[in-house]
> 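The structure follows.
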Amino acid sequence: MGAVLSKKMRRKSDAVVEEVKVVESGMVAPSAQTPRQGLWLSPLDLMLVNRGHTPTVYFYRSESGDSFDVARLKAAMARALVAFYPLAGRLGMGGQDGRAVIDCAGQGALFVVARSDLAVDDFSGFRPSTELRRLFVPRVEDYSPPVMCAVQVTFLKCGGVALGTALHHVAADAISAFHFFQTWSAFSRDGDAAAAALEPPFHDRTLLRARSPPFVHPDALTVFCPKLNLSTEPSAGPVVSEAFDISKDQADALKRACVSGDGGRVSTFCAVSAHVWRCVCVARRLPPDATTRLTFPASVRRSLRPPLPAGYFGNGIIWLGAAGQVRDVASSEGLASAAGRIRGAVRRMDDELVRSAIDYFELTETDSKPAPGRMAETELRVISWLGMPVYDADFGWGKPLAMLRGEAERAGFVYLMDGGQGAGSVRIVICTEAAILNDFQRLLYAKF
């Protein structure tokens, strides 16, 4: 379980940055002419302007001695950037209203090559950490205006590779980011043969323009959650990230336990999220009469009428929420109820709710910088990458051994993704207070 450096490496933490040496850094521009324009950003994009770059790290193990070819990777990226040209742009301001845009002029994506004395086996599992980002995710802070895309290929002493990426959140949500990585890796792996099988990105973000006049439905805010509830109280102790795996059989058992009285079935996301929610409430020993809330991002792509075109590239998510009293969520019989609350929020997301959320962000000036403070103990935020092509980034040297976020979130964040125990398994990555971790783990597996 878990990806921080091993104890041996951790004792050298003061010198750990020296374990990675940058040998090359430059821009990769699109290999053909691309539109030169200021790309208009939707309200769902603008709420993320100041969120910065999302860090991820892929680990590859080389069993045969073959290694990533830098020239091949660059050529494939240059080709992918023709279709995904916003990622070769820069964040800018356009128009008299000062609205942020992506300045698309083919400036290029940052490409860094590094070498390291570390090996894949120096990591005691795979989980987000500050060390991971510092070692393997390219530094983008020195670039102004901000680049949209940066990658760092780090060759490890064992022959493996760490591929660190940083995509600006204003450019892409997780669905769009994985679409780009699929395309880039396919061009590297299959060359010209990849083009026919790839879905092109769709860049018209005006499909998510606010209505005229904007209107927020009175019921929208009972489901749609525009911001976190944060506490200014100091943290009760250290915060850690840990990863846990649930097999397909265990996930199926949770889904069976969540079947409601009307026979309604729930998704893997609803069942696992409800179980994690219950375990966190119990482990934190929350007061039974307190109100607890679980929030999660949901794609709007299929909820709009008409739906967004296939391959829509940008931010197409809103945050939904489900709430209840701790006694109802945390009880031994509360699993089906908690799952039903989550399923109910998902089912209420229709065209009107999405349009109201878009209009809300158009009308409300939001400071999208990460807010200070910590999440209240009654809050839990679950981000699902289930079913996404997380492990499809095969550049011609095999699929990644692991993929993970390059840095931990604040306590109360949970990521779900397809696990490494075969189809249907789930990996749960949780950032939480160290004091409750043992209780959480015990509760997580107690039902099986």
Side-chain angles (χ1 to χ4, degrees), residues 25-42 44-46 48-58 70 72-92 94 100-113 137-153 163-188 194-195 198-205 208 309-317 388-390 392-393 395 403 406:
S25 180
M27 297 294 168
V28 173
S31 61
Q33 188 69 32
T34 59
R36 302 179 69 87
Q37 63 185 44
L39 182 65
W40 185 87
L41 298 174
S42 80
L44 299 187
D45 298 316
L46 291 177
L48 299 165
V49 163
N50 294 320
R51 288 289 176 178
H53 296 76
T54 301
T56 60
V57 179
Y58 293 82
V70 171
R72 183 165 147 187
L73 290 172
K74 287 183 178 180
M77 173 176 277
R79 187 165 182 184
L81 288 174
V82 175
F84 291 84
Y85 63 87
L87 295 181
R90 300 291 182 267
L91 185 62
V101 298
I102 299 179
D103 176 23
C104 301
Q107 299 96 322
L110 177 64
F111 195 105
V112 178
V113 180
V137 177
R139 288 183 55 83
V140 293
E141 296 82 0
D142 299 334
Y143 291 87
S144 182
V147 298
M148 292 292 100
C149 175
V151 302
Q152 178 177 315
V153 181
L163 174 63
T165 73
L167 266 63
H168 201 295
H169 214 325
V170 78
D173 59 15
I175 292 173
S176 294
F178 289 130
H179 186 188
F180 169 70
F181 292 134
Q182 269 189 310
T183 302
W184 175 26
S185 61
F187 277 133
S188 175
L198 292 171
E199 181 175 73
F202 183 89
H203 294 297
D204 183 5
R205 303 191 183 196
L208 295 182
Y312 179 84
F313 189 80
N315 286 283
I317 60 170
M388 294 190 191
V390 171
D392 282 5
F395 292 87
M403 179 272 177

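None of these values were measured; they are calculated from a predicted model.
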> Can you see which heavy atom on Ala186 is nearest to which on Ala194, and at what distance?
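Closest heavy-atom pair between Ala186 and Ala194: O-CB, 3.5 Å.
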> To the nearest 0.5 Å, what is the distance between OG (Ser176) and NE2 (His169)?
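If we round to the nearest 0.5 Å, Ser176:OG and His169:NE2 are 10.5 Å apart.
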> Students often mix this up, so state it plainly: with edges at 30° and 60°, are the rings of Trp184 and Phe180 parallel, tilted or perpendicular?
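Parallel, since the angle between the ring planes stays under 30°.
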> Please round to the nearest 0.5 Å and tell me the distance separating atom OG1 of Thr56 and atom CE of Met403.
4.5 Å
> Would you check if Val57 and Val137 make a side-chain contact, meaning some heavy-atom pair closer than 4.5 Å?
yes
> Between His168 and Val49, which heavy-atom pair has the shortest distance, and what is it?
CE1-O, 3.1 Å
> Mind checking whether Asp45 and Trp40 have side chains closer than 4.5 Å, heavy atoms only?
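Result no, sub-4.5 Å side-chain heavy-atom pair not found.
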> Step by step, work out the side-chain contact (heavy atoms from CB on, under 4.5 Å) result for Arg79 and Phe84.
CA-CA 9 Å; Arg79 187 165 182 184; Phe84 291 84; over 6 Å; no
> Output yes when a side-chain donor or acceptor of His179 lies under 3.5 Å from a complementary backbone atom of Glu199, and no otherwise.
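Here the side-chain-to-backbone pair exists.
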> Quick one, Tyr85 and Gln33 - any side-chain contact, counting heavy atoms below 4.5 Å?
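When only atoms from C-beta onward are counted, Gln33 and Tyr85 do not touch, as no gap falls below 4.5 Å.
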> Determine yes or no for a side-chain-to-main-chain donor-acceptor pair under 3.5 angstrom, with Gln107 supplying the side chain and Ala105 the backbone.
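Yes, the answer is positive, given that a donor and an acceptor are paired below the 3.5 Å cut-off.
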> To check you understand the geometry: which heavy-atom pair defines the closest contact between Met388 and Ala174, and what is its length?
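Smallest heavy-atom distance, with atoms named: SD-CB, 4.1 Å.
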> Indicate yes or no: at least one non-hydrogen side-chain atom of Leu91 is less than 4.5 angstrom from one of Val170.
yes
> Measuring from Leu110:CG to Thr165:OG1, what's the distance to the nearest 0.5 Å?
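That separation rounds to 12.0 Å.
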> Test Met148 against Leu167 for side-chain contact (heavy atoms from CB on, under 4.5 Å), laying out the working first.
CA-CA 6 Å; Met148 292 292 100; Leu167 266 63; over 6 Å; no
> Would you name the heavy atoms of Cys104 and Pro86 that are closest together and state the gap between them?
SG-CA, 3.9 Å
> Run the side chain to side chain contact (heavy atoms under 4.5 Å, CB included) test against Pro389 and tell me which residues pass, sequence neighbours left out.
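Listed in chain order: Phe178, Gln182, Asp392.
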> So do Val113 and Gln152 actually touch side chain to side chain, heavy atoms under 4.5 Å?
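No; the side chains remain at least 4.5 Å from each other.
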> Decide yes or no on ring pair (Phe, Tyr, Trp, His ring centres under 6.0 Å) for Tyr312 and His203, but give the supporting numbers first.
CA-CA 6 Å; Tyr312 179 84; His203 294 297; 8.9 Å; no
> Could you measure the distance from the CZ atom of Phe181 to the CZ atom of Phe395? Nearest 0.5 Å is fine.
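Phe181 CZ to Phe395 CZ: 7.5 Å, rounded to 0.5 Å.
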> Could you tell me whether the side chain of Met77 reaches within less than 4.5 Å of the side chain of Phe187, counting heavy atoms only?
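Of all side-chain heavy-atom pairs linking Met77 with Phe187, none is under 4.5 Å.
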> For residues Val153 and Leu73, report the shortest heavy-atom separation together with the two atoms involved.
CG2-CD1, 4.1 Å
> List the steps and the verdict of side-chain contact (heavy atoms from CB on, under 4.5 Å) for Leu87 and Leu81.
CA-CA 7 Å; Leu87 295 181; Leu81 288 174; 3.9 Å; yes
> Do Ser25 and Phe111 come close enough that some side-chain heavy atom pair is under 4.5 Å?
no
> Take Asp103 and Arg36, measure what side-chain contact (heavy atoms from CB on, under 4.5 Å) needs, and give me the verdict at the end.
CA-CA 8 Å; Asp103 176 23; Arg36 302 179 69 87; over 6 Å; no
> Are Asp173 and Asn315 linked by a side-chain donor-acceptor pair shorter than 3.5 Å?
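There is no such pair between these side chains.
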> Which atom names give the shortest non-hydrogen contact between Pro138 and Gly164, and what distance separates them?
CD-O, 3.7 Å
> Would you check if the side chain of Ser144 reaches a backbone N or O of Pro146 as a donor-acceptor pair within less than 3.5 Å?
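No; zero donor-acceptor contacts below 3.5 Å.
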> Can you check whether Arg90 reaches Ile102 side chain to side chain, under 4.5 Å on heavy atoms?
no
> Compute the centroid of each ring, for Phe313 and then for Phe202, and state whether the two points are separated by less than 6.0 Å.
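Ring centroids of Phe313 and Phe202 are no less than 6.0 Å from each other.
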